[in-house]
Amino acid sequence: MKVSGMAGHLIRRLNQTSTQVFSLRMQMAGYDLTPVQFAALDTVCSSPGLDQAAIAAQIAYDRATIGGVIDRLEQKGLVTRKVNERDRRARAVTATETGQRVYQDVFEIVEGFQPEILSGLSAEEQKQFLRLAAKALAFNADTSPDAEA
């Protein structure tokens with residue numbers, strides 16, 4: 001089997017396509033957001049008050065670098081951080097009014113271009129792909145070494 005037929009290679013290439021489409025659509029709409037920033041903003045809007053470690057866990061992102069992502073969202077005026085009253089070492093992250101408005105606008109854009117990422121598949125194949133990808137991710141999350149931590 002050549003690399004071009006391996007799951008890891010195909011997933012990496014599909015991720016490149018997804019990132020490229022995301023970046024192009026954000027640029028066209030006049031937004032300066034990366035896919036990771038959008039995922040973090042989605043989590044903050046869905047669960048206001050989480051700390052950075054919880055946001056990193058929600059979006060499966062590296063805890064060591066999530067601070068930079070939150071920094072950039074804060075610089076853009078999309079989120080604020082406040083010392084967590086229960087744990088003074090942690091900072092609760094919440095979306096600003098601007099952040100909530102941007103999130104709603106961007107969510108519609110992102111939702112709209114999802115079929116484009118899998119445009120080589122029929123609508124039914126896209127649904128099947130999403131089911132299988134979610135199943136693979138759930139299994140890997142349950143069996144990864146980090147799942148026991």
Side-chain angles (χ1 to χ4, degrees), residues 1-81 91-149:
M1 174 189 299
K2 292 187 176 194
V3 169
S4 62
M6 294 181 178
H9 177 75
L10 293 170
I11 292 165
R12 182 186 63 76
R13 295 281 312 277
L14 194 54
N15 180 58
Q16 287 176 321
T17 298
S18 175
T19 300
Q20 183 178 28
V21 171
F22 183 96
S23 297
L24 180 61
R25 294 295 176 261
M26 290 303 104
Q27 184 180 26
M28 289 171 59
Y31 290 104
D32 178 25
L33 279 179
T34 66
V36 173
Q37 290 170 0
F38 175 69
L41 187 59
D42 175 71
T43 299
V44 170
C45 287
S46 300
S47 303
L50 291 179
D51 64 26
Q52 291 177 181
I55 294 167
Q58 288 273 341
I59 66 172
Y61 200 68
D62 182 48
R63 284 178 61 169
T65 54
I66 192 69
V69 173
I70 302 301
D71 286 344
R72 287 183 283 289
L73 290 173
E74 191 171 38
Q75 290 165 2
K76 294 172 184 181
L78 304 178
V79 302
T80 59
R81 289 185 274 200
R91 295 173 139 209
V93 182
T94 56
T96 63
E97 284 185 35
T98 300
Q100 292 172 355
R101 191 169 48 256
V102 166
Y103 170 72
Q104 291 300 320
D105 291 346
V106 170
F107 183 86
E108 288 182 25
I109 295 166
V110 172
E111 190 174 43
F113 68 69
Q114 293 306 297
E116 184 179 345
I117 295 168
L118 300 174
S119 61
L121 304 178
S122 69
E124 184 54 40
E125 289 170 330
Q126 289 182 21
K127 288 178 187 175
Q128 182 180 15
F129 172 84
L130 293 173
R131 278 192 309 270
L132 292 172
K135 183 177 180 179
L137 285 171
F139 177 80
N140 286 320
D142 291 343
T143 60
S144 74
D146 294 336
E148 297 173 14

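Everything quoted here is computed from the prediction, not taken from an experiment.
Within 6.0 Å of atom CD in Q114, more than 12 heavy atoms from other residues, nucleotides or ligands are found, so the atom counts as buried in its surroundings.
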Take L41 and V79 through the side-chain contact (heavy atoms from CB on, under 4.5 Å) test and state the conclusion after the steps. CA-CA 8 Å; L41 187 59; V79 302; 4.0 Å; yes
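Closest approach of P35 and T19 over heavy atoms only: CG-CG2, 4.2 Å. Nearest heavy-atom pair, C45 versus G99, reported as atom, atom and distance to 0.1 Å: SG-O, 4.4 Å. Between A95 and V44 the shortest heavy-atom distance is N-CG1, 3.3 Å.
Rounding to the nearest 0.5 angstrom, the gap separating the OG1 atom in T17 from the CG atom in L118 is 9.5 Å. Interatomic distance, F113 CZ to M28 CE, rounded to the nearest 0.5 Å: 11.0 Å.
If you run side chain to side chain contact (heavy atoms under 4.5 Å, CB included) between Q37 and each of I70, V106, L73, only L73 comes through.
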Please list, one pair per line, the donor and acceptor atoms closer than 3.5 Å that link side chains of residues 129-138 to other protein atoms, with sequence neighbours excluded.
none

Per-pair distances, 0.1 Å, donor-acceptor, side chain in residues 50-60, under 3.5 Å, sequence neighbours excluded:
{"residue": "D51", "atom": "OD1", "partner": "A53", "partner atom": "N", "Å": "3.2"}
{"residue": "D51", "atom": "OD1", "partner": "A54", "partner atom": "N", "Å": "2.8"}
{"residue": "Q52", "atom": "OE1", "partner": "R81", "partner atom": "NH1", "Å": "2.5"}

Would you mind writing out the side-chain donor-acceptor pairs for residues 3-13 within the sub-3.5 Å range, not counting sequence neighbours?
{"residue": "H9", "atom": "ND1", "partner": "R12", "partner atom": "NH2", "Å": "3.3"}
{"residue": "R12", "atom": "NH1", "partner": "Q16", "partner atom": "OE1", "Å": "3.3"}

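Inter-residue side-chain proximity for D62 and I66 is flagged as unmet; no heavy-atom pair is nearer than 4.5 Å. Put simply, the side chain of V110 reaches to within 4.5 Å of the side chain of M26, judged on heavy atoms. Under the 4.5 Å side-chain criterion, counting only non-hydrogen atoms from C-beta, V69 is not in contact with T65. The closest side-chain heavy-atom distance from I117 to F22 is not below 4.5 Å.
Judged as a ring-ring contact (aromatic ring centres under 6.0 Å, His included), and not counting sequence neighbours, the contacts of Y103 are F38, F107. Residues passing the salt bridge (Lys or Arg N to Asp or Glu O under 4.0 Å) test with D32, sequence neighbours excluded: K76.
For residues 21-30, the side-chain hydrogen bond (donor to acceptor under 3.5 Å, both in side chains) pairs, not counting sequence neighbours, are R25-E116.
A donor-acceptor distance shorter than 3.5 angstrom exists from the side chain of T96 to the backbone of L78, with no hydrogens or angles considered.
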